[in-house]
Amino acid sequence: MSKPSLPQGTRDFNAATVQKRQYIFQTIRSVFETYGFQPLETPSMENLDTLMGKYGEEGDKLIFKILNNGLDNPQKRAQIDEGWDKVIAGKNNATITERALRYDLTIPFARYVAMNHGQLTFPFKRYQIQPVWRADRPQKGRYREFYQCDADVVGSDSLLNEVDLLAIYVTAFEKLKLPVEIKMNNRKILLGLAQVCGGEEKLIDLTIAIDKLDKIGWEKVKEELNNKGFSTQQQEIVEGYLNISGTNDEKINQLANLLGENENGKKGIEELQYVLSYHQSTGMDKYLVADFTLARGLNYYTGLIFEVKAMDAQMGSIGGGGRYNDLTSLFGVPNIPGVGISFGVDRIYDVLEEKNLFPTSIDQGTQVLFFNLGEAEAKVAYAQMMQLRDKKIACEMYPEKSKFDKQFKYAEKKGIPNIVIIGADEVSNQNCSIKNLATGQQTNVAFKDLLNYSF
RNA sequence: GAGGGCGUAGCUCAGUAGGUUAGAGCGACAGUUUGUGGCACUGUAGGUCGUGGGUUCGAGACCCAUCGUUCUCCCCA
């Protein structure tokens, strides 16, 4: 028997951790509900072809695939061998695998909308809090199983949805007391840039290069652009684009000059301005930062895109989202525009922990420990305890008659603030001794008054 | 997919240029006269040194492989 272990990139959560995670979930959930979003849950596995091809080449490689059952069936040997050959050649084959663990919550949601659009009332606003799985190499802030909290609106083109979703971000992070910056860009701006220098078909090469700016620096980006066949003149435009700086308004002005009369550029800027100006009136614009180098990997985005960064923390993005104008057409139902955001709970947890931002009051453990002083006494004490439990006070009784020392230590280790002692004397006097472990104060309380005692 | 670090008691780690029976702190358990904890003292248990090879008279230490873990890059939440 080998030592038990956990699959790579997965974790157990102990009591204290679960409570802190619940605090994050509940905070986000209550904000979602306040904004009129309703819950949805989908299965942890989807058909493989629902997921494949939606996350780009890199993403497809990170999907956890589930091996089919019955591969040991000798009668299907030939078929299975053929299937394996295809899998080994890098293709998917339904004989070997036809299901996979979900990689995010957006695509399963799109699949749900495509399947149920006849019954849904649009605009349809749903939130979803569930784990997702990625076959990534685990490292800091990166797990193979982690939770996302998504809110999406489908069936509406209005930018008011973007405004609303940004407000959700701001409200949730304010409640969590986590200082953040929300970066915004627009795919249309990136498209406009591509059209101005090199053409639309270079959009992907261009965004990949731009995205690397803060990691590898301009010289290397320039080199990469050169390799991808961008002319000197085009490279200069990109350089000008990347050098845009200042306040949001200043950046937008510089961008407008650079992109000139390009239709996509103008539209992209207009949308960005709309959302920014809306949030000037809510006061939330102080969190919003126009960042034209923001690209985002998922290739289904078509409009405004967002990414949330925790301030002063060594951590990748803790949330992201954007507009996708035609996601359901991947599943045969065209013309349902959508926009959504996602919270990365596990990373938010790591940042809150690192910065010590969890409130101290979320520890919801036992309030009162009843000492066990023997069979007869325990029976009397148990009846008293049950009354407190009826009043929703968390109580427990030490399960065996042990020395005081031991029972005290148990209370201490579990962080139980109060103990109640009911021994032979107390039973005959119909009262109990209540001791507060922090202060050491001990008082006698009659059984009939116990219910009104404030612990 | 590429590249580093680290695997010694339940936990955190020591372990000198390879040399006898592998150590400490914390934790656990027991006790210091069996109704009042935190402190202190005493004692007890607990290790195939990740695994498998190799070098050597001799390996926890050196070499190779393998597994696990962690971090960076890629990409992402």
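Proteins get letters first, then strands, A, B, ... in listed order; numbering begins at 1 in each.
Computed from coordinates, the Asp425(A) CG to rG35(B) C1' distance equals 8 Å when rounded to whole Å. Atom NZ in Lys406(A) sits roughly 9 Å away from atom C1' in rA30(B) (whole-Å rounding). In this structure, Lys409(A) places its NZ atom 11 Å from C1' of rG31(B), rounding to the nearest Å. Taking atom NZ of residue Lys61(A) and atom P of nucleotide rA2(B), one finds them 11 Å apart after rounding to whole Å. Protein atom CD1 of Ile421(A) is 11 Å distant from nucleotide atom P of rG35(B), rounded to whole Å. Residue Glu412(A) contributes atom CD, which lies 16 Å from atom P of rU36(B) at whole-angstrom precision. One atom, CZ of Phe343(A), and another, C1' of rA77(B), lie 12 Å apart when rounded to the nearest Å. Following rounding to the nearest Å, Tyr410(A) (OH) and rC29(B) (P) show an atom-to-atom distance of 13 Å.
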N/O donor to acceptor pairs below 3.5 angstrom from side-chain atoms of residues 434-443 of chain A, sequence neighbours left out:
from: Asn436(A); atom 1: OD1; to: Ala438(A); atom 2: N; distance (Å): 2.8
from: Asn436(A); atom 1: OD1; to: Thr439(A); atom 2: N; distance (Å): 3.1
from: Thr439(A); atom 1: OG1; to: Gln441(A); atom 2: N; distance (Å): 3.2

Counting only pairs under 3.5 Å, give me each side-chain donor-acceptor contact of residues 310-322 of chain A, with atom names and distances, residues two or more places apart or in other chains.
none

Which pairs would a plain distance check flag for residues 284-291 of chain A, meaning a side-chain donor or acceptor within less than 3.5 Å of a matching protein atom at least two apart in sequence or in another chain?
from: Tyr287(A); atom 1: OH; to: Glu174(A); atom 2: OE2; distance (Å): 2.7
from: Asp291(A); atom 1: OD1; to: Thr293(A); atom 2: N; distance (Å): 2.9
from: Asp291(A); atom 1: OD1; to: Thr293(A); atom 2: OG1; distance (Å): 2.6

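Nucleotides rU36(B) and rU70(B), compared at atom C1', are 46 Å apart to the nearest Å. Taking atom P on both rA45(B) and rG4(B), the two are 45 Å apart, rounded to the nearest angstrom. Annotation: rU32(B) and rA22(B) have their C1' atoms spaced 32 Å apart (nearest Å). rU51(B) sits 36 Å from rC39(B) when the P atoms are compared, rounded to a whole Å. When the C1' atom is used for both rG25(B) and rG15(B), the distance is 15 Å, rounded to whole Å. Comparing rU48(B) with rU12(B), their C1' atoms are spaced 22 Å from each other, to the whole Å. On the P atoms, rU55(B) is 30 Å away from rG47(B), given to the nearest whole Å. Annotation: rG3(B) and rA77(B) have their C1' atoms spaced 24 Å apart (nearest Å).
Stacking of the aromatic ring of Phe146(A) onto the base of rA77(B) is found: the ring centres lie under 5.5 Å apart and the planes are inclined by under 30°.
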Step-by-step salt bridge (charged side-chain N to carboxylate O under 4.0 Å, His left out) determination, Lys54(A) to Asp104(A): CA-CA 10 Å; Lys54(A) 313 299 193 297; Asp104(A) 73 352; over 6 Å; no
Full working for salt bridge (charged side-chain N to carboxylate O under 4.0 Å, His left out) between Glu396(A) and Lys414(A): CA-CA 11 Å; Glu396(A) 59 181 299; Lys414(A) 251 187 114 170; 2.7 Å; yes
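Between Phe358(A) and Tyr349(A), the ring planes lie tilted relative to each other; the angle falls in the 30° to 60° range. Between Phe32(A) and Phe37(A), the two ring planes are tilted [angle within 30° to 60°].
Aromatic pair Phe343(A)/Tyr169(A): ring centres closer than 6.0 Å.
Counting non-hydrogen atoms under 4.0 angstrom, Ile348(A) reaches nothing in the nucleic acid. Within the nucleic acid shown, Ala411(A) has no heavy atom closer than 4.0 Å to any nucleic acid atom. When heavy atoms are screened at a 4.0 angstrom cut-off, Gly440(A) is found touching base atoms of the nucleic acid. Residue Tyr143(A) is classed as a base contact, given a heavy-atom separation below 4.0 Å to a base. Residue-level contact check: Leu437(A) touches the bases, meaning some heavy atom is under 4.0 Å from a base atom. Using a 4.0 Å heavy-atom distance criterion, Gln314(A) is classed as making no nucleic acid contact.
Only one option out of Leu190(A), Leu193(A), Leu294(A), Leu191(A) pairs with Thr207(A) in a side chain to side chain contact (heavy atoms under 4.5 Å, CB included); it is Leu190(A). Applying the salt bridge (Lys or Arg N to Asp or Glu O under 4.0 Å) test between Glu46(A) and each of Arg99(A), Arg102(A), Arg111(A), Lys65(A) identifies Arg111(A) as the sole match.
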Strand RNA chain B in bracket notation, Watson-Crick/G-U under 3.5 Å with | for pairs to another chain: (((((((..((((.....[...)))).(((((.......))))).....(((((..]....))))))))))))....
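Checked by distance alone, Arg347(A) brings a side-chain donor or acceptor within 3.5 Å of a matching partner on the base of rC76(B). Between the side chain of Lys403(A) and the base of rU34(B) there is no donor-acceptor pair of N/O atoms closer than 3.5 Å.
Nearest to the side chain of Lys413(A), among rA28(B), rG37(B), rA77(B), sits rA28(B). Out of rU36(B), rG35(B), rA77(B), the shortest distance to the side chain of Ser317(A) is found at rA77(B).
Along RNA chain B, the nucleotide nearest to Ser402(A) and the one nearest to Ala438(A) differ in position, and the one closer to the 5' end is contacted by Ser402(A). Comparing Gly319(A) and Gln441(A) by the nucleotide of RNA chain B that holds the closest heavy atom to each, the one mapping nearer the 5' end is Gln441(A).
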Base-contact (B) and sugar-phosphate-only (S) positions in nucleotides 65-74 of chain B, heavy-atom cut-off under 4.0 Å, - elsewhere: ----S-SBBB
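Residue pairs meeting the ring-ring contact (aromatic ring centres under 6.0 Å, His included) criterion with at least one partner in residues 198-222 of chain A, sequence neighbours excluded, do not occur; the list is empty.
For the pair Glu307(A)/Lys309(A), no side-chain contact is recorded, criterion being any heavy-atom separation below 4.5 Å from C-beta on.
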